[in-house]
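The next block holds one structure in the form of structure tokens; read it before the comments.
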Amino acid sequence: PLRTITRALARAGARTRIHLAAGAYTNGSEVFPLTIRDKTIQLMGTNAAVTFLDATNANQRVILVEYTVGDNRLEGLTLRNGKADSTSLAGHGGGAYLRSAIVSIEACRILSNRNVPVVNAAGTGGGMYAVSVCGRLRESLVSGNYVTGNNWGTGTGGGLSLSGGSWWLHNVIVSNNTATAAGHANDYGGGLYVAGGLHDYWGVLVVTNFARTTSAAGLYFASGTNRLMNCTISRNRGMGLTGSAGTRLVNTFLIGNGYG
């Protein structure tokens, strides 16, 4: 066995599964962001309650996955205390940044990550940002993440931000995330922000998220096709759901959202 994930990833070939013992994998022993690029990797934790990828004091996001196809998988992990500075597109995603990849995230927790931009820059995806990804997120918690915009830059997707691609979210809780902006900027999607793509949501709970813009506290669908089934959107501080023309709801409840 190897002592660090960083070393295991460096030595891994294509189609490698890496099993992680319970414990906290932290800055100092690990080099953040942990990076999966150009090869298929599965990171398998013991379970999210005891396996922590913790980027405290690294001033970096927790994980980067890009330019890879195949069954990439993150399972049984907590991704926490990551940070991204939005000086460019690649600066988005405080906890995880996923680009041009196929990724499954199973039984994970994405907690207390943040995206804080420089002056006049936009921020998106406090917990996770995904662009051009075919992904699955299931049996997971996205909570306590934060994104902000600065002056003329918007802040979008406090918990999650999806740009294009195709996602299936199943039995996911998105709670207590925040999107905000300073100066002249607006903020959208305290829980989740979507710009394009085709996405399905089954049994998703979106609760107690916040955005300063009253129309965008829970879910904000700027564009794309978004189909919700058996979901609950509740007690978000502002409008629970703002949908594009491609939004479809089946057996989905919006309860107790709004200021007050």
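- Put simply, the side chain of Leu79 reaches to within 4.5 Å of the side chain of Ile63, judged on heavy atoms.
- The distance from the CD1 atom of Ile173 to the CZ atom of Arg109 is 11.5 Å, given to the nearest 0.5 Å.
- In this structure a side-chain-to-backbone donor-acceptor pair under 3.5 Å is present from Asp187 to Arg212.
- A donor-acceptor pair under 3.5 Å is absent between the side-chain atoms of Asn230 and the main chain of Gly203, judged by distance alone.
- Side-chain contact check for Ile102 versus Thr68: every heavy-atom pair is 4.5 Å or farther apart.
- At least one donor-acceptor pair under 3.5 Å links the side chain of Thr16 to the backbone N or O of Gly13.
- The side-chain heavy atoms of Gln42 and Arg15, taken from C-beta on, include no pair separated by under 4.5 Å.
- Tested against Lys83 for a side-chain hydrogen bond (donor to acceptor under 3.5 Å, both in side chains), the candidates Asn57, Asn59, Asn115 yield a single pass: Asn59.
- Between Cys231 and Leu205, every side-chain heavy-atom pair lies at or beyond the 4.5 Å cut-off.
- Checking Val206, Leu169, Ile233 one by one against Leu228, the side chain to side chain contact (heavy atoms under 4.5 Å, CB included) holds for a single residue, Ile233.
- Ring orientation note: the planes of Tyr97 and Tyr129 are close to parallel, at an angle under 30° on the 30°/60° scale.
- Considering only heavy atoms from C-beta on, Thr56 stays 4.5 Å or farther from Thr26 through its side chain.
- Taken from CZ in Arg138 to OG in Ser104, the straight-line distance is 9.5 Å, to the nearest 0.5 Å.
- Between the CG atom in Asn145 and the CG atom in Asn113 there is a gap of 5.0 Å [rounded to 0.5 Å].
- Two residues are said to be in side-chain contact when any heavy atoms from C-beta on lie closer than 4.5 Å; Thr78 and Leu53 fail this criterion.
- Glu66 and Ser100 share no donor-acceptor pair across their side chains, judged by distance under 3.5 Å alone.
- Rounding to the nearest 0.5 Å gives a distance of 12.0 Å between CD1 of Ile36 and CZ of Arg73.
- Screening residues 198-210 for side chain to side chain donor-acceptor pair (under 3.5 Å), with sequence neighbours left out, gives Asn176-Thr208, Asn177-Asn209, Asp200-Arg227, Tyr201-Asn226, Asn209-Asn236.
- Counting heavy atoms from C-beta outward, Val31 and Thr4 have side chains that stay 4.5 Å or more apart.
- For residues 38-54, every residue pair satisfying the salt bridge (Lys or Arg N to Asp or Glu O under 4.0 Å) rule, not counting sequence neighbours, is listed here: Asp54-Arg80.
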